[in-house]
Structure formats: C-alpha cells, structure tokens
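For reference, the structure discussed in these notes is given below.
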Amino acid sequence: MAHLCFSSKIFLDGGVPEETAEAKKLLGFLDGQTTNPTLIAKNLSSRISSSSHLTQKSALDEYKKIVRQMSKIIPKGSVSIQVFADQKTKAREMIKQARERRIWIPNSSIKIPCVAEGLKAGEILCKEMPLNFTLVFSQSQAAAVYEATKGTKYPVFVSPFVGRLDDRGEKGMDVIANIVKMYKSSDKHIEILTASVRNLDHLYCALQLKSDIITIPFKVFKEWASLGFKKPDKDYLYHKPELKDIPYRPDIQLGQPWQSYDLHHDLTDKGVTSFWTDWQGLFK
Ligand code: E4P
C-alpha cells in the first residue's frame, strides 16, 4: 500500500499496546498515541484479577510498562501520559508527577488537565517537556493554554473533547473550528488535537478543518480502515442539525494574561473527577 498522507497527524486513543501495533500495521504508520487513566484502568482491570491486589505503585508500574510498549512500537511518535489529579490537586503535585512520567519513555508528552492549577504547572513544565492540555471544552480555555505556554521550545497540544459536548447536545466540532479560527493569528506554538472522537464524521470534519492532530479510538480506526482510510470529499458537509451550535466568540482574543480567561467548564470538572475515580476504582 502506498504511504497515505493526511493534512492532520493521526494518533490512536487507547490503553492497549496490541491495538497500537495493529493500528500502525493497518495504516502503515502512526504519528502518536494518547492514553488516559480511564483507558489504562480498563486495560488493567481486564487483565488483572481482583485477587492479585493492585497497589498504587504496582498499577503505576503497569501504566509505565504499557506506555513503554507503545513507545517501542512508535519510537518516532508522541505518546501522551496523564498526571493523576482530582479537584484539590495542586500545581506542585502535577509538576512532580509530570517530571516522573516524562522520563518513562523518550517520546512522552505529559497530559495535564485544563484547570487553573494545571495551567500554573504548565507554565513551568512547558520549558522542560512536551505537554498535552486535556479536558478542553471552550475557546476561552484554549486561549489560556496558548498564553500560559508562550515561548515554549517543546510541542504543546490542546485537546478539545468533541464527543463529550455532543453527548449533551452541543456541536463539539464547533469548538475545533472556533479554536482553529482564533489561533489563525497566533505564533503557531500550539497544535490542536481533536479528542473524544466517537465516529467517522468527527474524523472527516477534523480533517476538513485541518486539526493538527486527531486521536482516534480503535473501534473507529478499524471502521476507517475498512473504508480504505477514505478522506472527506471536497464538498463534505458536517451536518448535525440535532446538535446546538457553539458560536465563535470574537470577544475572546489572544494576547491577555492566561489568568484573565474563563477557565471554568463543568465538563472539565466532571472529567477530572471521572478520570480520578476510574483510577481509584482499581483499588476497591
Ligand atoms: C484523549 O486524549 C482523550 O483522553 C479521549 O479522547 C477521551 O475520549 P472519551 O470522551 O471518549 O472518553
């Protein structure tokens, strides 16, 4: 198969190295991999019986083993590893975890939640390592990430979660379009990573919008493979009348201190809590 070429980098979203290998084989390459505590906990609970008593340390070791396997499969790709945080976690703790995870593999990108403490941590960490700001749901959060990481020498990803907005009746893909538009006049130090992809329409729309990166769950990846990794037609229209539009906000402009942007989004809070409880659920 001739090497396929896309306007976006193609990542796999998951917690299973065998899927990483399979996705790379199907496509012929893979630009990266995203993981999160929920996906890793799912892998661990499917493999490890409750009688083997996972501890915080052994579960973290398993996370390390999993990303090491992924890293070997895609040594030139980027592998996102997430810090564990709940609503009370301070920047100091996130920095500590990020520095530990960074050296697990040479091609790590550290995922930090898009909350105030996460951005405080990110401001420091962007001078040391590649970062991926996760649980992004608004244009305003993306503006804050941009300002907090200005001057970085490392790649910085901003990950808007489109599927979770769709789940509550809002057009998640609008957030990608809005951030693309807002970043048009930027210094381009941030890459937009479309996350929480649930179907091929998300993928086609993200390709059409030229999202820098798209992370695709294995199920959707296989569906895409069965269609020969088809690209959207020139006149492809992402038509979802059942979803409420999220309009572009011209009043949200880059160029302000990151602390001045509204960072709050209830799906960010909900996401922080569920990543935390899914991980802690391994020890019950
Ligand atoms: C990727 O970085 C995210 O963790 C992932 O895409 C979240 O997807 P979900 O909303 O389907 O859980």
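Atoms within each ligand, like the ligands themselves, are counted from 1 in listed order.
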Heteroatom distance test ([X], ligand 1): nitrogen or oxygen, under 3.5 angstrom:
{"X": "Arg164", "value": "yes"}
{"X": "Asp13", "value": "yes"}
{"X": "Asn36", "value": "yes"}
{"X": "Ser159", "value": "no"}

Would you please classify the geometry between the [Y] ring and the [X] ring as parallel, tilted or perpendicular, with 30° and 60° separating the classes?
{"X": "Phe229", "Y": "Phe221", "answer": "perpendicular"}
{"X": "Tyr183", "Y": "Tyr146", "answer": "tilted"}
{"X": "Phe161", "Y": "Phe275", "answer": "perpendicular"}

Among protein heavy atoms, which lies nearest atom 9 (P) of ligand 1, and at what distance? Arg198 NH2, 3.5 Å
Atom 8 (O) of ligand 1: closest protein heavy atom, distance to 0.1 Å, is Ser196 CA, 3.4 Å
By number and element, which atoms of ligand 1 are closer than 4.0 Å to a non-hydrogen atom of Phe161? 3 (C), 4 (O), 7 (C)
Hey, which atoms in ligand 1 end up nearer than 4.0 Å to a heavy atom of Thr34? 1 (C), 2 (O)
Gap separating the CD1 atom of Ile73 from the CD atom of Glu22, nearest 0.5 angstrom: 11.0 Å
Audit row: Gln87, Thr273, side-chain hydrogen bond (donor to acceptor under 3.5 Å, both in side chains) steps and yes/no: CA-CA 7 Å; Gln87 304 292 348; Thr273 303; 3.1 Å; yes
Can a non-hydrogen atom of Lys111 be found less than 4.0 Å from any atom of ligand 1? yes
Tell me, yes or no, whether the heavy-atom count around Lys231 atom NZ, taken from other residues, nucleotides or ligands under 6.0 Å, exceeds 12. yes
Test the Lys234-Tyr236 pair against the cation-pi criterion, namely NZ or CZ under 6.0 angstrom from the six-membered ring centroid and within 45° of the ring axis. no
